[in-house]
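This report concerns only the one structure given below.
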Amino acid sequence: MTARTSGTGTIALLATGAALLFLVSLGIGPVRLPPWEVVRALGGGGSETDRIIVQSIRLPRAILGVSIGGMLGLGGAAMQGLLRNPLAAPSLFGAPQAAAFGAVATLSLGIADALSLALPFAAVAGAFLSIFALVAVAGRNAGLLLLILSGLAISSLAGAATALAMNLAPNPFAALEIAFWLLGSLEDRSMRHVAMALPFMAAGAALLLARRSAFRALTLGEEAAGSLGVNVGRLRLLVITGVALGIGGAVAVAGTIGFIGLISPHLVRPFVGYDPARALVPSALAGACLLTSADIAVRLIPSSSDIKVGVLTALIGVPFFLYLIVRERSRLQAGLIA
Amino acid sequence: MTLRLAGVSIRLGARNVLSGVDLDLAAGTFVAIVGPNGAGKTSALRAMVGELPFRGTISLDGAPLSGLTRAERARRIAYLPQGHVAHWPLPARDIVALGRMPHGAADPARLRPADAEAVDEAMRVTETETLAGRPVTELSGGERARVALARVFAVRAPVILADEPTAALDPRHQLDVSRALRSAADAGALVVAVTHDLGLAARFADLVAVLAEGRLAAIGSPEDALAPGILSRVFGIEAFRAENEGRPVLVPWS
């Protein structure tokens, strides 16, 4: 068939972009290093200072940028595929907020410190509960209105619960620390953070990619997909679990970083013939590029205190969401999407 | 292939939508299921395709449906739901290629020759070849109905279940879709179509099953099952009757 359907070109292009941004990310900071010096320091060459800067300080941050961005992009594409809705994304439905509550609750209750494995487990549990509640409340064949309303309720509840946890925090410094952590950042992360989050995200991604073609069959609706042999109930559980694992792992080390999951699928969809199955991997790569770029940008923007990457993605993401609403408006009003 | 329903009952919440229905349907027949709104027609179809839990037995050639895997059932029974939904603007040919999924064709861009042949044949029969590259969401209702039908034909299942395949179509497309289903039955498939169009049922079906309040009110040839007494009892209507080209003509009249 023609190039329109294969998508391999898109994947190669995005993967190259992500690799380049990864290298740039390793070179950006108070000490700027050109890419070749970065590569040399990565391979164990160059000066000791360069090696420490690249390997210990910037490498964990760059790995988290690519993997969390990739997870968010993949999660967004999977949710949009499952719900057959271009405006669906975990962050709109309160999943990261609920994951953050899980993490904050363990922190402020003193159950765990910021580097304990209890943190990602609590975050995963929070994310799972929120998506499960979303599907349960909105129903199986929910239209957009029901999904948005339920998502709004769930994310408000998670926000209120988080506020309560901060309210009850033992001292004001702990509350301040939690507040900053909630903004979403990849700064000052170590390989321990990477080791903590990566297994969860890898497991989540594996689940989301396991039944790819089922997303394509869902184009015809749940009943027709079922008649083609797709176990829709199991797919739903697979996506909920996969997104919860991935988002939970990501939030546990980076706080809430929104809108990457909403934007990424839209950027790649025209290049894969709007096929929800073929959009998954390119969307993950686009997410990796987006988050890494945003994380490079916050280091380049001159400011007195550092801008958190989660703040930047929201500042860019919300206008994009508004643009999507305007673009889909006529279809929304015609009831074709709902 | 024979599809047999024995004592099939369906409960939705507190309501009995189907109560002890027996049907014995043979290959090569076009069966129309008619009945007032809420008579249980769609539920019966959804039970046959395994999308709705039921009591009783539904069997294919004597083997209960519940004993088949999802893939096995999907290869034997093709299902066309109401409304011809398509949520993403996939090219029409990719939609039709979804019909090959039960046969293991996961990617429409990499179809094996046998799968591609089935897709081409289904698009030829439904006259949708010219629509192949067009996004399905941009097609007219009639074109979309034909693409949906092609997707069902591409499965090459011995049993085809269609839920109101002609609803909301113009007369030309109503006839095209009915004729295509008729040809599938003539070619040896068992075609079961739920419809509100008594005229089309009378003209095209071999067998008409009339459902009323979850029970089988009548079954037989169009002349017998749509006889005046049954129409007035089940639908509360009278029909104008005639004959054309050897087929019964029936127009709901008063």
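Below, chains carry the letters A, B, ... as their sequence lines are ordered, and counting in each starts from 1.
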Search all heavy atoms of A:Leu291 against all heavy atoms of A:Gly69 and return the closest pair with its distance.
CD2-N, 3.4 Å

What part of B:Pro102 lies closer than 4.5 angstrom to a heavy atom of chain A: side chain, backbone, both or neither?
both

Using non-hydrogen atoms and a 4.5 Å limit, figure out which bit of B:Arg46 sits close to chain A: side chain, backbone, both or neither.
side chain

Counting only non-hydrogen atoms closer than 4.5 Å, does B:Val49 touch chain A with its backbone (N, CA, C, O), its side chain (CB onward), both, or neither?
side chain

What option among A:Ala225, A:Pro276, A:Gly81, A:Gly221 has the most heavy-atom pairs under 4.5 Å with chain B?
A:Pro276

B:Phe54 and side chain to side chain contact (heavy atoms under 4.5 Å, CB included): which partner among B:Val17, B:Leu18, B:Ile10, B:Leu5?
B:Ile10

Do the charged groups of B:Asp107 and B:Arg100 touch, with an N to O distance under 4.0 Å?
no

Side chains of B:Asn37 and B:His196: is there a donor and an acceptor less than 3.5 Å apart?
yes

In terms of heavy-atom proximity below 4.5 Å to chain A, should B:Leu98 be classed as side chain, backbone, both, or neither?
both

A:Arg212 versus chain B, heavy atoms under 4.5 Å apart: side chain, backbone, both or neither?
neither

Could you tell me if the side chain of A:Phe132 sits less than 4.5 Å from the side chain of A:Leu129, heavy atoms only?
no

